[in-house]
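Below you'll find the structure, written out as structure tokens, and then a few comments.
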Amino acid sequence: MNKTNTVIKAKLLCIILFSVVLYSCRSESKQGLTSSYLSTDDEDILNGKVIFEQKCSYCHNFNQDAIGPNLSGITKEVSVQWIKEFIKNPSLVLSENDERALALHEKYKINMPGFPDLSEKEFNELISYINSYSKKKATSNTNLGNPIDNPIEDTLVYSDINANIKFVAQVPASAKSPTLARINKLDCAGNSGRIFINDLRGKLYELNNNQPKLYASISEFNKNFVHEPGLGTGFGSFAFHPNFEENGLFYTAHSEKPDTKKADFFLPDSIPTKMQWVVKEWKNKDPKSTSFEGTVRELLRIDFVTIMHGIQEIAFNPTSSKNESDYGMLYISLGDGGSVGQGFPEVALHEGSQVWGTILRIDPSGNNSGNGKYGIPTDNPFINSKQKKKEIWAYGFRNPNRVCWNTKGQMFATDIGHKIVEEVNLIEPGKFYGWPIREGAFVLNTFGNQSLAYPLPQNDDEYGVTYPVIEYDHDDGVAISGGFFAQKPPFNGKYIFGDIPVGTVFIADLSETKQRNIKKLNIVLKEKQTDFAQLIKKNRVDLRLGQDCNGDIYMLTKADGKIYKMTY
């Protein structure tokens, strides 16, 4: 099968299957279609399983609701013909004011692309495999009370202040069709004043006079490097040592095929591994060079249950000076690997005894780790623990995709939610941030329908959860992007962040931890109010934010590979 644009296709299939569960099928199209598509042949079903695992399994299973719903029995409830038509051309179905398509668009606020390259045979095999799970398994009974219909009732309003932006650069296309350049992060290189941007497909660029120039190709140095299927796989993050200008050191995180090498942190034998993530150290012989030439060594390797929620971020504390203990310590943000949604909550329910769903803190220059390739700082919170991993700085995250520091040296992390809320957390050593028993300040049914929010119990203090400083629900977005603290008026000291798919930009004062403190920012380009969906001419924006060495904030649109800068 053609694997091009796999991440879009996987997302599409997730949303398609979600939509068909929500609404009943048209009775007139239900009759006479089963024999056209559904097979009971073992070979067809096995082929369908392969397609499902490649395209659908990251969001769905047949045991319980995950990112998408439990799919057992859906072919008995919905029109197979509708599924096929929507997969081939969702925009056409939406334009015909189809009830299910309109509801889907309303829920997700984006219009998904078509998936025309599945053949008739592949449709038959895929749906036949799904059909083999003819009955829904019961979800667990809970004593959580009644679910909350709308976790945060009010929608966010716009600030009186606009975000003025200007176009800065176009990153070279790494594919022939959207997404053209999977730009994911823009950051300052240590003490050098230089700006770098990565493309998830394996390229690291330096932005020089607003012109991206290739600095290093991650894929050339890692023969097992993979960026497909998507959903965040590839060259995920990078971090330059704070003394890069003198030592030439920088660090990368990327994904590789499962079982490429023995992992330092591995899953139990009973749980399949779909992806490995690797952190490596790069040393440029000439730190001032405009391209990389030097040595590369591996620091650590981790197994993950799915291709989702891997190593989301690596970073150094930019506010730490050489005489402080945090100087040169590398933070590594790990998601839960999609384990909870895929029916393996035990991977994340570890209370600090495992690394998934955590933020690690290591010393790249040390060697007292289990593999001898990095150090564990002596001031880590669990350095003397026999039960918890000594590398852990904080734990209890679903997908901690970005971290940053304010001028006081306080660390913050955004955590992408499942179905309830998006959150920003003040990160303190040793704290538990709730996942997978909490999503934001709401109770999650870990073993049942994870899309529902429940109120906190009266004995909540006994669970030891540290809650977000701010959060917003899915009335105002879908997946939170990283953010940064502005250093220039009129936003000085305020936290600027965004929503990845929708492309909305937000502002908040994190010294006041109230949800209503969040406001949306109008985007102004060339003195004309606009938004990123208009600028890229697509409903899915894939917005990322970055910050340079002068504190200026940038906005990156992955769909078209463009970089914008906030002006004042």
Side-chain angles (χ1 to χ4, degrees), residues 1-14 52-60 66-67 171 174-175 177-185 197-204 217-238 251-261 263 265-267 272-280 298 300-314 332-339 341-342 347 355-357 397-402 416 479 481-482 500-501 540 542 544 556 558-559 561:
M1 291 179 60
N2 185 356
K3 293 185 178 180
T4 305
N5 293 328
T6 307
V7 65
I8 295 175
K9 298 170 186 175
K11 276 290 193 182
L12 173 60
L13 283 177
C14 291
F52 183 88
E53 290 179 346
Q54 290 176 340
K55 308 297 183 183
C56 314
S57 62
Y58 315 116
C59 302
H60 298 277
I67 293 177
V171 174
S174 55
S177 59
T179 302
L180 297 178
R182 297 180 68 200
I183 50 177
N184 197 50
K185 180 177 179 178
I197 311 104
N198 74 318
D199 182 326
L200 283 161
R201 295 188 178 105
K203 306 297 182 183
L204 181 62
S217 178
I218 306 304
S219 55
E220 290 181 7
F221 287 83
N222 300 281
K223 64 179 181 179
N224 295 304
F225 171 85
V226 291
H227 63 82
E228 292 182 327
L231 294 175
T233 55
F235 174 21
S237 187
F238 65 92
Y251 300 82
T252 62
H254 74 272
S255 56
E256 294 190 359
K257 300 174 183 178
D259 303 319
T260 297
K261 295 180 182 178
F265 301 97
F266 49 86
L267 295 163
T273 298
K274 291 292 181 67
M275 192 68 66
Q276 287 188 334
W277 277 84
V278 185
V279 176
K280 290 196 173 185
E298 183 172 314
L300 58 87
R301 179 179 295 263
I302 303 173
D303 284 340
F304 284 88
V305 177
T306 78
I307 66 169
M308 301 182 298
H309 311 170
I311 295 182
Q312 297 295 293
E313 172 77 300
I314 58 175
I332 305 172
S333 297
L334 285 76
D336 72 347
S339 57
Q342 290 299 305
V347 174
V355 297
W356 297 280
F397 304 100
R398 177 180 180 269
N399 192 8
N401 63 322
R402 286 292 178 265
I416 296 176
S481 74
I500 295 171
R540 184 180 177 91
D542 271 325
R544 302 295 192 276
L556 294 63
K558 189 193 295 185

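In terms of the side-chain hydrogen bond (donor to acceptor under 3.5 Å, both in side chains) criterion, residue partners of Ser217 (sequence neighbours excluded) are, by chain and number, Lys203, Ser219. With sequence neighbours left out, the salt bridge (Lys or Arg N to Asp or Glu O under 4.0 Å) criterion links Glu298 to Lys261, Arg301. Here Thr252 pairs with Ile218, Phe235, Phe238, Phe250, Lys280, Trp282 under the side-chain contact (heavy atoms from CB on, under 4.5 Å) rule; sequence neighbours left out. Asp336 pairs by the side-chain hydrogen bond (donor to acceptor under 3.5 Å, both in side chains) definition with His309, Trp435, not counting sequence neighbours. With sequence neighbours left out, His254 forms a side-chain hydrogen bond (donor to acceptor under 3.5 Å, both in side chains) with Glu256. For Leu180, the side-chain contact (heavy atoms from CB on, under 4.5 Å) partners at least two apart in sequence or on another chain are Ala173, Pro178.
Looking at Asp199, its side chain does come within 3.5 Å of a backbone N or O of Arg201 through a donor-acceptor pair.
Under a 4.0 Å N-O distance rule, the pair Asp542/Arg540 qualifies as a salt bridge.
Here the closest non-hydrogen pair linking Pro400 and Gly335 is CD-CA, 3.8 Å. Taking both residues in full, the closest heavy atoms of Ala479 and Ile416 are given as CB-CG2, 3.8 Å, listed atom of the first, atom of the second, then distance. Between Val226 and Lys257, the shortest heavy-atom distance links the atoms CG1-CG, 3.6 Å. Smallest separation of non-hydrogen atoms from Ala181 and Ser174: CA-OG, 3.8 Å. Considering every non-hydrogen atom in both Met275 and Thr233, the closest pair reads CE-CG2, 3.7 Å. Across all non-hydrogen atoms, the minimal contact from Asn184 to Gly236 is ND2-O, 2.8 Å.
A donor-acceptor contact closer than 3.5 angstrom links the side chains of Glu313 and Ser237.
Side-chain contact between Trp356 and Leu267: present, with at least one pair of heavy atoms (C-beta onward) separated by less than 4.5 Å. Looking at heavy atoms from C-beta onward, Ile183 lies out of side-chain contact with Asn198 at the 4.5 angstrom threshold. You'll find the side chain of Val347 reaches within 4.5 Å of the side chain of Val305, heavy atoms only. Within the 4.5 Å cutoff, the side chain of Lys185 has no heavy atoms near those of the Ile197 side chain.
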(request) Begin with the C-alpha distance, continue with both residues' side-chain angles, and end with the deciding distance and a verdict on side chain to side chain contact (heavy atoms under 4.5 Å, CB included) for Lys274 and Asp303. (result) CA-CA 8 Å; Lys274 291 292 181 67; Asp303 284 340; over 6 Å; no
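To the nearest 0.5 Å, atom OG of residue Ser333 and atom CD1 of residue Ile314 are 10.0 Å apart.
In summary, of the residues considered (Phe304, Phe265, Phe397, Trp277), a side-chain contact (heavy atoms from CB on, under 4.5 Å) with Leu334 occurs for Phe304 alone.
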